[in-house]
There are 2 protein chains.
Amino acid sequence: MTVNERKERQRFDREQLFLDKAAQLIASEGILQLQMAPLARACEYATGTLYQHFSSKEDLLLALVARNGCNQLKLFQQIAALAICNRHKILALCVAEELAREYHPSHARLEQYVFTEVVWENASASRRQMILDNSKPLSELVSGIVGAALAAGELPDHQCTALELSIAPWALCTGSHNLEQTSGLLAAFGLNKDPLQRYRHMHLLLNGMQWQPLQDLNDTAALAAQLQQLRQQVAPLFSGFCQLTVE
Amino acid sequence: MTVNERKERQRFDREQLFLDKAAQLIASEGILQLQMAPLARACEYATGTLYQHFSSKEDLLLALVARNGCNQLKLFQQIAALAICNRHKILALCVAEELAREYHPSHARLEQYVFTEVVWENASASRRQMILDNSKPLSELVSGIVGAALAAGELPDHQCTALELSIAPWALCTGSHNLEQTSGLLAAFGLNKDPLQRYRHMHLLLNGMQWQPLQDLNDTAALAAQLQQLRQQVAPLFSGFCQLTVE
DNA sequence: CTCATTTTTTGAATCTGGTTCATAATTTCG
DNA sequence: CGAAATTATGAACCAGATTCAAAAAATGAG
């Protein structure tokens, strides 16, 4: 039935409009300032209409994160397809995470907020599931890289499955970003930030996993060059959907 | 002036009462259900009185985290004083983090929430500073352990300072816990939790840092025994302030 | 001890902003 | 075309954080 198709498409478009505008408002004013009535008004709809798409304000925030999760997945897939060695793919994912935060700083903060008990529990179950569903292929992708390295003999298994092993770099990457994001914390430590730091740490971990080829960390220049090169390979992959969540 | 001293002490005690009750309510009902008026009522004070201690609800949440930060510091100091090798001290800190989450699951969630832009920005500047002030000696303690290992030749510097190096295990530890805390995420990955996982990963990192003595990860039984022993050494240190934040 | 003054407490009133729902507008279709 | 069904509207509602004028308590000079 073509009528229903049209309706559905219109509904979808309107949802995207709400999400785009919300992302824009969050980026410019902060999460705190985002209010439902003004958002609806800014999109030229009534408050009630907004609530036909999102069961609550928190639900809308989750929707934003879910949508971005799709983009992240596409990005990660492109990275996995890059013609570089497996070890470098892991680093490239870390680079992608870093670039994403540079492009959309507000999005990283939103994500931190959304995974909070208070927000998570106030969203609809279906929206939560949407986010969880995104994470599954994401983890398969990462563990796929680890699995390929295992199969190629670049990496011993340390008595773990590929999935289990893949958690380590993932945790280090997100942990490192979270620490950095936590306002003023590293500064309170008396630490001035060095862009190579995270990659040193990641290499230390990968070396510990005996993931070939091992990296010599004493050659700072080589490390910087490697990072530079990865950034240049990853950055263009962003162009496709920089528009989707305008900042 | 003794009158003022008494007043100050009473004020302090009342603040502790508010915090204790708040912690208790959060533990039993969740952060979301914590309401200012009922909290004041439960402590047999008026709402306004509560606001003489905390500038906002968020400010109270930060106060809770700040108070716990003091306990954490004391705990970590005791661990640093343990008669075990430096490498094991780092693991012991990780164990402590894990035990703390087991004892006070709601506290970990609170901390995640508090470091969120929305909450952080709504607390008073002085309360924020209190938390940051806590973090400084904490980081000095951790980097002190790293520094001792460097000095003892157990660990090469990899072109980093002790503080910079100490960030790596810290990030891995918190990142790993955060991932686990994020509701349903690891389950969505299809991962069933193995209590040794985190320690394997930590050892992989420490091995990568070439932190002596290196750990053989193929001997699962030895690893489990080591973890068991660390838990037994760390657990008693908690007894001192388990009461402070009743769960 | 008394009373004027200062400090502290109180909780009802205020205010903000998310959510609902009766009504109005629009679309569908016989 | 008009009745029935669907969708949109936004003022009213409501929860809950915050305030503040009034009441109570503490202080201390005489």
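Proteins get letters first, then strands, A, B, ... in listed order; numbering begins at 1 in each.
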Side-chain donor-acceptor contact under 3.5 Å, A:Ser124 with A:Asp59
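On atom types as modelled, these side chains qualify, holding a pair under 3.5 Å.
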Kindly say if [X] contacts the phosphate of [N], meaning a side-chain N or O under 4.0 Å from OP1 or OP2.
{"X": "B:Thr49", "N": "C:dT9", "value": "no"}
{"X": "B:Gln52", "N": "C:dT8", "value": "no"}
{"X": "A:Arg11", "N": "D:dT6", "value": "no"}

What integer distance in Å separates [X]:[atom1] from [N]:[atom2]?
{"X": "A:Arg41", "N": "C:dG17", "atom1": "CZ", "atom2": "P", "result": "17 Å"}
{"X": "A:Leu39", "N": "C:dG17", "atom1": "CG", "atom2": "P", "result": "14 Å"}
{"X": "A:Leu50", "N": "D:dA11", "atom1": "CG", "atom2": "C1'", "result": "17 Å"}
{"X": "A:Asn122", "N": "C:dG17", "atom1": "CG", "atom2": "C1'", "result": "14 Å"}
{"X": "A:Phe18", "N": "C:dG18", "atom1": "CZ", "atom2": "P", "result": "15 Å"}
{"X": "B:Lys7", "N": "D:dA26", "atom1": "NZ", "atom2": "C1'", "result": "6 Å"}

Contact summary for A:Met36 and A:Tyr51, nearest pair of heavy atoms:
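In this case the closest contact between A:Met36 and A:Tyr51 is CG-OH, 3.5 Å.
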Answer yes when B:Arg67 and B:Glu15 have at least one side-chain N-carboxylate O distance shorter than 4.0 Å, and no when they do not.
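No, B:Arg67 and B:Glu15 are not salt-bridged.
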Is the shortest distance from a Lys or Arg side-chain nitrogen in B:Glu98 or B:Arg231 to a carboxylate oxygen in the other one below 4.0 Å?
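Judged by the 4.0 Å cut-off on N to carboxylate O distance, B:Glu98 and B:Arg231 do form a salt bridge.
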What contact category does A:Arg14 fall into here, base, sugar-phosphate, or nothing, at under 4.0 angstrom with non-hydrogen atoms?
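Sugar-phosphate, no base atom in range.
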Enumerate the side chain to side chain donor-acceptor pair (under 3.5 Å) contacts for residues 26-47 of chain B, please, sequence neighbours excluded, ordered by first and then second residue.
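Those involving residues 26-47 of chain B do not exist here.
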Name the atoms and distances for all side-chain donor-acceptor pairs under 3.5 Å in residues 165-180 of chain B, with sequence neighbours left out.
from	atom 1	to	atom 2	distance (Å)
B:Ser166	OG	B:Leu163	O	2.6
B:Thr174	OG1	B:Trp170	O	3.2
B:Thr174	OG1	B:Ala171	O	3.3
B:Ser176	OG	B:Arg198	NH1	2.4
B:His177	ND1	B:Cys173	O	3.1
B:His177	NE2	B:Arg198	NE	3.4
B:Glu180	OE1	B:Arg198	NH2	2.8
B:Glu180	OE2	B:Lys193	NZ	3.1

How would you summarise protein contacts on nucleotides 13-24 of chain D per nucleotide, using B for base, S for sugar-phosphate only and - for none, with heavy-atom distances below 4.0 Å?
---SSBB-----
